[in-house]
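Each chain gets a letter, A, B and so on, in the order its sequence line appears, and its residues count up from 1.
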Amino acid sequence: MVSIKSWVLPKSRRDEAPHFSKAQIATVLEQVATLLKLKDANPFRIRAYENGSRTIASLETDLWELNLSGKLTEVKGIGKGISALISEALGEGTWGDLQSLYDSTPEGMIEMLAIPGLGPKRIKQLHDELNIDSIAELTAACNEDAVSCLDGFGSKSQQKILDGIDLLARFQGRRRLNVGLLYGETFEAMVARIDGVEHAQLAGSARRRRETVGDLDIVASVKPENVEAVTEAILAIPDIAEVKGAGDSKVSVILEASILERNLDLGTLDGGVFHAIGGDDYSQMESSGTIEAQVRMVPPHVFAFTLAYFTGSKEHNIKMRQLAIDKGLRLNEFGLIPEDKAGDLKGLDAAKYSLNATNEDEIYQHLGLDWVPPELREDMGEIEAAKSKSLPRLVMPTDLKGSLHNHTTLSDGVATLEQMAGAAMDMDWEFLGIADHSQILNIGDRQIGANAEDLLEQGEKIRELNDNWSDGGKNFRLLHGAECDILPDGSLDYEPETRQQLGHVIASVHQLSTWKARDEIENTEALIKTIEDPTCTIIGHPTGRILQGRDGFDVDLHAVIRRMGELNSEGELKSMEINASPYRLDLDWRFVRFARDQGVPICINPDAHDTTGLRDVWFGVQIARKGWLEPKDLLNCYSGEEIEALLSR
DNA sequence: GCCGTTTTCGGCCCGACTGTTTTCAGTCG
């Protein structure tokens, strides 16, 4: 994946070590991998940098301390070369001879990597033989018919590059999970309805519930004699913008946004996802744009293997395959095949000797593993846990009994207390936390946040409503809190006396520009000061990122979470929010499990500004599952009575 | 570049599809 970050080596903003953050180091390693691809370097060397980047990004311990203690090379995947690079960067603020690697690669070549069908080898060839260093130059060369005469290229390649460039201009890259799932489940249902398709299922990153989805993988169970007819039926779907390829087992297409409307108009699909994103209010859905989709057609008896294979992740598959090899088995999308029987046979021919599996569960069993839920298949320890029968019982949407961060008309919400409560009761919840914006928040010169007076008056109203429900025997309560702005120095909006009268305080950064202008160390110190304030209960959207929109501010979340863990062990309640808005999904799932391990309770919060916004918790649950959470790890799964007691402590 | 009850070299996951070939390389997932 090509990062959208700028392609220059970061400069240290500090006088003393450590000069860079984990995130900066990880980004450089990832970029080096990409640059090496364009140099046609050893592919395994490239992978070493990719793995190194991933490893550093998910490292739970302090990188600087690890470096000082000389234990960098003890981290799996970090050897002599990469550890020396990291040591120098952290200690001296310099990047060895990487600058020459960066200097010798025009940015245009990196941009060209995004052209579908064009990879690093041919980009290098175009650069070496035709001096092409940008997409504009490449377009011109194709139009002058200068590309087709190169070795290994032809007129078809040249046209494919032009098509790819055109596509790139329209293609929006990865899509947020809610949009990707909407496309994916719609297309899945369309394929499933085709005669001859026995079963169709969405795989890939959408099934793993990644926060963004690149393309769609549909696995379809089709008898060999029906493959031709099914292929024709797929290609006849009117919402296909382009057919990228069609072979005996795979159809690769680009879908238009019109597929969504068509499907919703037919009213054929009403999965939980549609409700979760606000039912038929899909007007916000990007109406232009496209998404790539592949349909893999396989005979029914190999369906489970293909589904598992294309669910991924790549890293999970590599581990699984290694496990198979250790048992003398060959694992691929067609089967789990004893090596001694398969011999030189390939693909479906070899699969005749495969062990049987009618579902994924049986594949995992053959390898001595418990079935791994797709959300966990990221090679983050799930295979080891599956081996030792210690996978978590993941939280489900129905486990939730409430949430704590929601807005009303007192700040920028559009629904009243009563309306929000009604919607929560419709979801069978026992509690709903109200947390309107604090007084300092403005948009332009208009004050959005609530004055202390109005806020406390809201508390009175909530008490009245709660008394009424209680008297009527209704097991439901509103919980009174506020979303207090975190000021640049880490202190909280409102006077302490005001905050003390609240059941809970969601502490959130909204002055993002200030925080983005500072480095990781300053931001981390400020955030730790925030959580040490006795009135702070929950950190809201901890980095402020907007998916596909803007990066969050730099902060060492591991350090913040560790401090929260200490405070929890001292008997205080310090919780981390998973902001469930599909635009945020912040806390990132990669930190969720670490928080759990540090004893920090998580709270899934829809940050709802209207009644349908409450349904966003569904996305928060997906992220909690990716973070290995069980109901006991979540404040949302406490009963109304328990949460009320906990917050009034 | 990383790794090693097979430690200092020789492996590193594997198959489909496409377009260019006439036995294969590049790209993708």
Side-chain angles (χ1 to χ4, degrees), chain A residues 1 29 32-33 36-37 40-55 72-86 112-126 147-161 163-164 203-205 208 213-219 231 243-253 292-298 302 305-306 308-326 329-337 339 342 345-351 379:
Chain A
M1 187 175 65
L29 291 177
V32 168
L36 287 174
K37 280 180 199 164
D40 199 17
N42 178 340
F44 298 107
R45 187 176 167 219
I46 293 165
R47 200 159 87 192
Y49 277 102
E50 285 171 342
N51 287 339
S53 171
R54 212 167 67 95
T55 305
L72 261 180
T73 51
E74 287 178 21
V75 179
K76 198 165 161 53
I78 307 296
K80 244 167 77 178
I82 292 180
S83 70
L85 182 70
I86 295 174
M112 280 189 250
L113 278 173
I115 299 170
L118 189 62
K121 297 246 169 70
R122 303 173 95 187
I123 291 172
K124 182 173 187 295
Q125 190 184 353
L126 289 163
V147 171
S148 64
C149 52
L150 293 180
D151 264 1
F153 287 79
S155 58
K156 281 197 175 175
S157 314
Q158 183 170 277
Q159 189 55 47
K160 206 175 153 190
I161 290 172
D163 292 346
S205 56
R208 297 202 316 281
V213 174
D215 58 2
L216 305 170
D217 286 292
I218 309 272
V219 181
T231 303
V243 178
K244 289 188 67 189
D248 292 341
S249 66
K250 172 179 156 180
V251 179
S252 184
V253 298
E292 271 191 57
Q294 279 100 44
V295 183
R296 321 266 170 174
M297 290 167 290
V298 292
V302 292
F305 292 102
T306 312
Y309 183 85
F310 285 106
T311 297
S313 64
K314 196 170 96 180
E315 291 79 10
H316 178 87
N317 286 351
I318 288 173
K319 272 272 173 71
M320 288 284 285
R321 212 188 303 270
Q322 194 57 52
L323 215 57
I325 291 170
D326 294 345
L329 297 164
R330 182 195 299 174
L331 177 63
N332 57 30
E333 62 264 54
F334 300 118
L336 184 58
I337 308 144
E339 199 60 58
L345 294 175
K346 292 237 180 270
L348 279 172
D349 293 329
D379 187 23

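- Nearest-nucleotide positions on DNA chain B for I325(A) and G154(A) put I325(A) closer to the 5' end.
- Summarising the geometry, the separation between NZ on K76(A) and P on dG1(B) is reported as 18 Å, rounded to the nearest angstrom.
- Salt bridge status for E50(A) with K37(A): present, with a side-chain N to carboxylate O gap under 4.0 Å.
- Regarding contacts with the backbone of dC17(B), every side-chain N or O of S252(A) stays at 4.0 angstrom or more from both OP1 and OP2.
- R208(A) places a side-chain N or O within 3.5 Å of a backbone atom of T311(A) that can act as its donor or acceptor partner.
- Not a single donor-acceptor pair under 3.5 Å links the side chain of Q294(A) to the backbone N or O of D215(A).
- Comparing the C1' positions of dC12(B) and dT7(B) gives an interatomic distance of 16 Å, to the nearest angstrom.
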Enumerate the protein-to-nucleotides 8-12 of chain B contacts in which both atoms are nitrogen or oxygen and the separation is below 3.5 Å.
{"unit_1": "dC12(B)", "atom_1": "O3'", "unit_2": "R47(A)", "atom_2": "NH2", "d": "3.4"}

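- Across the protein-nucleic acid pair, M297(A) atom CE and dA16(B) atom P stand 13 Å apart, rounded to whole Å.
- Pairing of dG1(B), defined by two Watson-Crick or G-U wobble distances under 3.5 Å, is identified with dC12(B).
- Within the nucleic acid shown, I78(A) comes within 4.0 Å of sugar-phosphate atoms alone, with no base atom in reach, counting heavy atoms only.
- Summarising the geometry, the separation between CZ on R330(A) and P on dC14(B) is reported as 8 Å, rounded to the nearest angstrom.
- Taking the P atoms as reference points, dC13(B) lies 26 Å from dT18(B), given to the whole Å.
- With rounding to whole Å, H316(A) atom NE2 is found 16 Å from dC14(B) atom P.
- Look at D379(A) and K314(A) and you find no salt bridge, because none of the NZ, NE, NH1 or NH2 atoms lies under 4.0 Å from a carboxylate O.
- Each of F153(A) and S83(A) lies near DNA chain B, and the nucleotide nearest S83(A) is the one positioned closer to the 5' end.
- Proximity of a side-chain donor or acceptor of N332(A) to a complementary backbone N or O of G335(A) within less than 3.5 Å is detected.
- Taking the C1' atoms as reference points, dG11(B) lies 11 Å from dT6(B), given to the whole Å.
- Atom P of dT5(B) sits at a distance of 23 Å from the matching atom of dG1(B), rounded to the whole Å.
- Between the CD1 atom of I318(A) and the P atom of dC14(B) there is a distance of 10 Å, given to the nearest Å.
- Rounded to whole Å, the distance from CZ on R54(A) to C1' on dG1(B) is 16 Å.
- Comparing dT8(B) with dG4(B), their C1' atoms sit 9 Å apart, to the nearest whole Å.
- Shortest non-hydrogen contact noted between F334(A) and V302(A) is O-CG1, 3.1 Å.
- Between dC13(B) and R321(A), no contact under 4.0 Å exists linking OP1 or OP2 to a side-chain N or O.
- For the C1' atom pair drawn from dT21(B) and dG26(B), the interatomic distance equals 13 Å after rounding to whole Å.
- Here the closest non-hydrogen pair linking L331(A) and M320(A) is CD2-CB, 3.8 Å.
- Here the side chain of N317(A) pairs a donor or acceptor atom with the backbone of Y309(A) at under 3.5 angstrom.
- Distance check: E315(A) CD to N51(A) CG gives 7.5 Å after rounding to the nearest 0.5 Å.
- Taking 4.5 Å as the limit, some side-chain heavy atom of D151(A) sits within range of a side-chain heavy atom of Q125(A).
- Rounded to whole angstrom, the span from the CG atom of L323(A) across to the P atom of dC13(B) amounts to 14 Å.
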Nucleotide-resolved protein contact map, nucleotides 22-29 of chain B, B/S/- at heavy-atom distance under 4.0 Å: ----SSSB
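- No contact: T73(A) has no heavy atom under 4.0 Å from any strand.
- Distance noted for atom P between dA25(B) and dT20(B): 16 Å (whole Å).
- In this structure, the CD1 atom of I46(A) is 14 Å from the P atom of dC2(B), given to the nearest Å.
- Between K124(A) and D40(A) there is no salt bridge, since no side-chain nitrogen of the basic residue lies less than 4.0 Å from a carboxylate oxygen of the acidic one.
- Within 4.0 Å of D248(A), counting heavy atoms only, lie sugar-phosphate atoms of the nucleic acid but no base atom.
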